[in-house]
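This is the structure I want to talk about, given as structure tokens.
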Amino acid sequence: MIHLCIEEKLQAAVRAVLPDADASRIWVRPCPDLQHGDYQTNALMALAKQQRRNPRELATAVVAQLDVTPWCARVEIAGPGFLNFHLAPHAINAALQEALGTGHSFFKKATTPRTIVIDFSSPNVAKPMHVGHIRSTILGDALARVFRLLGHRVITDNHIGDWGTQFGMLLVGWKTLLDAATLERDPIAEMERLYQAINLAAKEDERIREQARAELVKLQSGDAENLGIWRRMLELSQSQFDNVYGRLGIQFDHTLGESFYNDQLGAVLAELARAGIAEESDGALVVFFRDHATMNDNPAIIRKSDGAANYASTDLATLRHRVEQWQAQEILYVTDGRQQLHFQQVFTIYQRWHPQMTARLEHVWFGSILGPDGKPFKTREGGVVKLAALLDEAEERALTAVTQKNPDLDEATRREIARAVGLGALKYADLSNNRQSDYTFDWDKMLALQGNTAPYLQYACTRVRSIFRKGEVADLSGATIALAAPQELALAKRLLNFGIALETVAAEYRPNYLCNYLYELAGDFTAFYEACPVLKAGDAERQSRLALCKLTGQVLHEGLGLLGIEVPEKM
RNA sequence: GCGCUCGUAGCUCAGCUGGAUAGAGCAGCGGUCUUCUAAACCGCAGGCCGUUGGUUCGAGUCCAACCGGGCGCGCCA
């Protein structure tokens with residue numbers, strides 16, 4: 001948090017020099033090259049440009065007002081107007097010692113906590129969860145964890161697809177083709193089979209299509225039998241969801257699916273029509289964006305011409321619920337990038353509907369997962385990759401690797417390690433990419449112990465733990481830290497920047513910044529580990545190095561935890 | 001046609017309000033285990049950052065045009 005202290009002083013100095021300027025965006029970041037210093041700001045150059053001043057002169061004036069004595073040994077003006085801050089050794093030591101004593105890891109809680117709703121995962125009832133749900137699920141969970149740690153009030157909501165036209169088909173299938181034994185054994189597979197069979201039959205046979213429509217109408221009008229079947233399908237699906245989320249270590253505060261908003265839709269649509277926001281067009285209720293720069297050609301249908309609501313109307317009702325009932329100040333929708341237009345429309349409609357609304361709405365979108373051929377990821381047979389099967393394979397592959405490496409461990413231990421490593425690898429592969437990029441799914445790459453992978457980071461953790469297992473280490477909370485070797489200094493300075501990584505994740509909803517940080521930290525630790533013996537060092541040095549190990553383990557563990565990744569004791 | 005997005009090393013990817021010599025991993029080449037886990041580590045080599053213009057003291061990053069890929073665009077979600 002030293003950087004925040006420096007930043008605060010720097011901003012104060014800028015205000016002293018330029019009272020009218022906006023100093024809030026004058027940030028301090030780690031120097032990309034430690035040759036130049038530990039922290040730098042390049043923001044004075046931008047400010048100088050804006051103020052039409054000479055950048056070096058401005059920098060000189062700011063430095064004259066700047067007092068960072070407790071933290072910095074010196075401050076330099078460099079190049080066209082960079083400010084480079086060189087940390088004072090005792091400040092680094094003090095920060096590390098404080099973290100050792102408190103167990104608190106180099107970040108600061110938000111001074112003004114926000115209420116943040118995060119909408120993610122959103123699987124469909126009666127269908128298997130598949131690879132298409134994984135990015136949303138993992139990204140949403142990681143973001144929720146980061147915002148919680150930073151002190152925000154986070155509400156996670158699983159907006160499941162539990163209503164809609166597919167239930168007409170499913171009901172017909174349930175009533176005519178249901179195999180009770182299969183349903184007992186594998187309910188999701190059976191429901192999927194019913195849906196596919198009826199769908200196929202309906203393509204050939206108009207009567208089946210008519211039957212499905214009739215069953216849907218009955219369901220929607222509250223028919224007891226159909227509602228009962230629907231509830232049963234919901235229960236069966238929920239236990240599948242619970243199973244997958246249990247394996248992934250994910251919990252939701254709410255699971256308010258589409259059906260939850262059914263009885264609000266009529267009123268929502270009526271309000272939008274009455275307010276003149278929506279209008280009839282070809283029998284549907286539609287919102288136009290006639291004076292909008294890019295959406296003037298893309299109207300949004302909020303009620304179909306057959307009178308049924310669709311996902312736009314449900315999303316509007318959902319949004320209202322989150323703003324009004326939960327007092328959300330920020331709502332994140334973690335979905336596929338293909339829904340950008342949809343959310344732009346929903347957000348715009350809602351702004352027209354509730355112009356006084358101040359909540360920040362963000363579509364936190366992500367790209368596709370591609371197979372080795374560069375096309376959307378499928379099974380060898382060209383089918384959808386089911387999520388449960390994907391988790392199984394991750395664990396199996398990790399088990400093979402662990403067994404090769406450590407054949408002496410008993411099977412239960414190896415399976416437990418494989419679980420953490422396999423699922424960790426799967427999650428990390430997703431999180432370590434820029435979420436907006438498409439990424440190529442590759443088992444070997446994600447499970448590799450070299451490179452920016454979960455196993456590499458977990459391995460670094462086990463090396464730390466191994467030291468403590470062998471070392472019989474006493475309490476380190478009062479240890480004196482002295483940093484001599486360059487690897488010790490580099491590691492120590494990296495530790496200080498954990499909070500910056502968290503800040504950038506939160507600012508841009510991008511967990512890959514945390515991944516990059518952890519990878520760099522693990523790299524620094526490895527360099528230290530290679531160069532600096534810990535247990536064999538002399539007393540004072542041993543204490544200091546053990547302290548570094550402890551803090552590294554603490555930050556790695558906490559960081560991986562934020563990504564939903566567990567750390568095995570051995571691997 | 002309109003819109004979104006991507007184009008960085010042979011491959012897979014990073015690149016944080018525009019900033020200092022563009023970074024990793026794999027693959028390639030060469031090294032390191034009587035020493036805290038060598039599925040580890042170190043070194044070498046590898047780049048007109050799609051093209052062309054523009055803005056700027058400074059552009060992989062911003063703007064425009066073009067080339068090439070992916071995706072979206074009235075009753076699926």
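Because only heavy atoms are used, hydrogens play no part in the values below, and waters and symmetry mates are left out as well, while side chains stay in. Residue numbers begin at 1 in each chain, while the letters A, B, ... track the order of the sequences.
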Original post:
With rounding to whole Å, what would you report as the distance between B:G47 and B:U21 at their C1' atoms?
Top reply: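 It works out to 14 Å between them.
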Subject >> Set of side-chain hydrogen bond (donor to acceptor under 3.5 Å, both in side chains) partners for A:Lys127, sequence neighbours left out >> reply: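 Partners of A:Lys127 under the side-chain hydrogen bond (donor to acceptor under 3.5 Å, both in side chains) test: none.
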Subject >> Listed once per pair and sorted, the ring pair (Phe, Tyr, Trp, His ring centres under 6.0 Å) pairs that draw on residues 432-458 of chain A, sequence neighbours left out >> reply: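 As it turns out, the ring pair (Phe, Tyr, Trp, His ring centres under 6.0 Å) pairs with a partner in residues 432-458 of chain A, which skip direct neighbours, are A:Phe377-A:Phe441, A:Phe441-A:Trp443, A:Tyr456-A:Tyr519.
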Subject >> Selected nucleotide, minimal atom distance to A:Tyr311 side chain, candidates B:C75, B:C13, B:A77 >> reply: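 So the nucleotide nearest the side chain must be B:A77.
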Subject >> Side chains of A:Asn406 and A:Arg414 in contact at under 4.5 Å (non-hydrogen atoms) >> reply: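 They are not in side-chain contact.
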Original post:
Does A:Asp33 CG have over 12 foreign heavy atoms under 6.0 Å away?
Top reply: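 Yes, the 6.0 Å shell around CG holds more than 12 heavy atoms from other groups.
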Subject >> Polar side-chain atom of A:Thr552 near backbone of A:Leu548 as donor-acceptor pair, under 3.5 Å >> reply: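 Yes, because the side chain of A:Thr552 sits within donor-acceptor range (under 3.5 Å) of the backbone of A:Leu548.
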Subject >> Salt-bridge criterion met for A:Arg303 and A:Glu280 (N-O under 4.0 Å) >> reply: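 The answer is yes: the pair qualifies as a salt bridge.
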Original post:
In dot-bracket form, how is RNA chain B paired, counting a Watson-Crick or G-U wobble pair only if both its distances are under 3.5 Å and using | for bases paired to another strand?
Top reply: (((((((..((((.....[...)))).(((((.......))))).....(((((..]....))))))))))))....
Original post:
With syn defined as a glycosidic torsion within 90 degrees of 0 and anti otherwise, which applies to B:C63?
Top reply: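 Anti, since the glycosidic angle lies more than 90° from 0.
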Original post:
Does A:His133 reach the main-chain N or O of A:His130 with its side chain, forming a donor-acceptor pair under 3.5 Å?
Top reply: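 Such a contact is found between A:His133 side chain and A:His130 backbone.
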Subject >> Gap in Å between the two C1' atoms, one belonging to B:G60 and one to B:C6, rounded >> reply: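 Going atom to atom, C1' in each nucleotide, I get 13 Å.
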Subject >> Protein proximity profile, nucleotides 17-24 of chain B - base contact B, sugar-phosphate-only contact S, no contact -, cut-off 4.0 Å on heavy atoms >> reply: BBBBB--S
Original post:
Using a distance-only test with no angle check, is there a side-chain donor-acceptor pair under 3.5 angstrom linking A:Asn262 and A:Ser259?
Top reply: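 No.
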Output one line per pair: protein atom, nucleotide atom from nucleotides 39-41 of chain B, and distance, for all N/O pairs under 3.5 Å.
unit_1, atom_1, unit_2, atom_2, d
B:A39, OP1, A:Lys405, NZ, 2.1
B:A39, OP2, A:Lys405, NZ, 3.2
B:A40, OP1, A:Gln450, OE1, 3.4
B:A40, OP2, A:Gln450, NE2, 2.9
B:A40, O2', A:Arg463, NH1, 3.3
B:A40, O2', A:Arg463, NH2, 3.0
B:C41, OP1, A:Tyr456, OH, 3.4

**OP:** Sequence neighbours left out, what passes side-chain hydrogen bond (donor to acceptor under 3.5 Å, both in side chains) with A:Arg415? Give chain and number order.
**Re:**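 In terms of side-chain hydrogen bond (donor to acceptor under 3.5 Å, both in side chains), with neighbours along the sequence ignored, A:Arg415 is linked to A:Glu411.
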Original post:
Taking atom C1' of B:C76 as reference, at what distance in whole Å does atom CH2 of A:Trp163 sit?
Top reply: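 Those two atoms, CH2 and C1', are 17 Å apart.
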Between the protein and nucleotides 64-73 of chain B, list every N/O to N/O distance that falls short of 3.5 Å.
unit_1, atom_1, unit_2, atom_2, d
B:C73, O2', A:Asn298, ND2, 2.5

**OP:** Rounded to the nearest angstrom, tell me the gap between atom CG in A:Leu58 and atom P in B:C57.
**Re:**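 For the pair A:Leu58 CG and B:C57 P, the rounded distance is 16 Å.
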Original post:
If the P atom of B:C16 is compared with that of B:U55, how far apart are they to the nearest Å?
Top reply: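 Pairwise P distance, B:C16 against B:U55, rounds to 24 Å.
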Original post:
Does A:Ser368 reach the main-chain N or O of A:Pro376 with its side chain, forming a donor-acceptor pair under 3.5 Å?
Top reply: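 Such a contact is absent between A:Ser368 side chain and A:Pro376 backbone.
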Original post:
At under 4.0 Å, does any side-chain N or O of A:Asn512 touch on OP1 or OP2 of B:G15?
Top reply: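 It does, given that an N or O in the side chain of A:Asn512 lies less than 4.0 Å from OP1 or OP2 of B:G15.
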**OP:** Nearest whole angstrom, please: distance from the P of B:C2 to the CG of A:Asn296.
**Re:**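 In whole Å, B:C2 P and A:Asn296 CG are 12 Å from each other.
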Original post:
OP1 or OP2 of B:C13 sitting under 4.0 Å from any side-chain N/O of A:Thr440?
Top reply: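 The answer is yes; a side-chain N or O of A:Thr440 sits under 4.0 Å from OP1 or OP2.
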Taking only nitrogen or oxygen atoms into account, show me every contact under 3.5 Å that the protein makes with nucleotides 28-32 of chain B, one pair per line with its distance.
none

Subject >> For atom CG of A:Asp430 and atom C1' of B:U12, their distance in whole Å >> reply: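 It is 15 Å, rounded to the nearest whole Å.
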**OP:** Find the distance A:Gln436:CD to B:C16:P and express it as a whole number of Å.
**Re:**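 After rounding, the reported distance stands at 13 Å.
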**OP:** Not counting sequence neighbours, which residues clear ring-ring contact (aromatic ring centres under 6.0 Å, His included) with A:Tyr517? List them please.
**Re:**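 Counting only residues at least two positions away or on another chain, A:Tyr517 forms a ring-ring contact (aromatic ring centres under 6.0 Å, His included) with A:Phe498.
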Original post:
To the nearest Å, how far apart are A:Gln339 CD and B:U5 P?
Top reply: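 Atom CD in A:Gln339 sits about 16 Å away from atom P in B:U5.
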Original post:
What distance, rounded to whole Å, do you find between the two C1' atoms, one in B:A64 and one in B:A77?
Top reply: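 36 Å, rounded to whole Å.
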Subject >> Per A:Lys304 side chain, nearest of listed nucleotides B:C75, B:C36, B:A14 >> reply: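 Shortest atom-to-atom distance from the side chain points to B:C75.
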Original post:
Of all the choices, B:G74, B:A38, B:A14, which nucleotide is nearest to the side chain of A:Phe288 once you look at every atom?
Top reply: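 My answer, after comparing the listed nucleotides, is B:G74.
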Original post:
Do A:Asp373 and A:Lys375 meet the salt-bridge criterion of a basic N to acidic O distance under 4.0 Å?
Top reply: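 Salt bridge between A:Lys375 and A:Asp373, a charged N being under 4.0 Å from a carboxylate O: no.
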**OP:** Could you tell me the separation between the CZ atom of A:Phe343 and the C1' atom of B:A77, rounded to a whole number of Å?
**Re:**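 Interatomic distance, CZ of A:Phe343 to C1' of B:A77: 9 Å.
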**OP:** Would you confirm whether A:Arg435, through its side chain, and A:Phe366, through its main-chain N or O, come within 3.5 Å as a donor-acceptor pair?
**Re:**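 No; judged by distance alone, with no hydrogens or angles, the pair does not exist.
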Original post:
What integer number of Å spans the P atoms of B:G1 and B:G19?
Top reply: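 Per the computed distance, 35 Å lies between those P atoms.
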Subject >> For A:Ser122, side-chain contact (heavy atoms from CB on, under 4.5 Å) partners two or more places apart >> reply: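 Expected list: A:Asp119, A:Asn158, A:His159.
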Subject >> A:Arg469 or A:Gly161, whichever maps to the more 5' nucleotide of RNA chain B >> reply: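 Its nearest nucleotide lies further toward 5', so the answer is A:Arg469.
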Subject >> Sequence-distant partners of A:Tyr39, side-chain hydrogen bond (donor to acceptor under 3.5 Å, both in side chains), two or more places apart >> reply: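 With neighbours one apart ignored, the set is A:Asn497.
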Original post:
Quick one: does A:Ser437 reach the base of B:C6 with a side-chain donor-acceptor pair under 3.5 Å?
Top reply: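 Not at all, since no donor on one side and acceptor on the other fall under 3.5 Å apart.
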Original post:
Can you tell me how far CG of A:Asn434 sits from CD of A:Glu508, rounded to the nearest 0.5 angstrom?
Top reply: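 With rounding to 0.5 Å, CD (A:Glu508) is 9.0 Å from CG (A:Asn434).
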**OP:** Could I get the full list of side-chain contact (heavy atoms from CB on, under 4.5 Å) partners for A:Glu279, not counting sequence neighbours?
**Re:**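 A:Glu279 satisfies side-chain contact (heavy atoms from CB on, under 4.5 Å) with A:Phe288, A:Arg290 once adjacent residues are dropped.
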**OP:** Give the rounded distance in Å between these two atoms: CD1 of A:Ile301 and C1' of B:A77.
**Re:**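 After rounding, the reported distance stands at 13 Å.
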Subject >> C1'-based separation of B:A14 from B:C29 [nearest Å] >> reply: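 The answer is 25 Å between these two C1' atoms.
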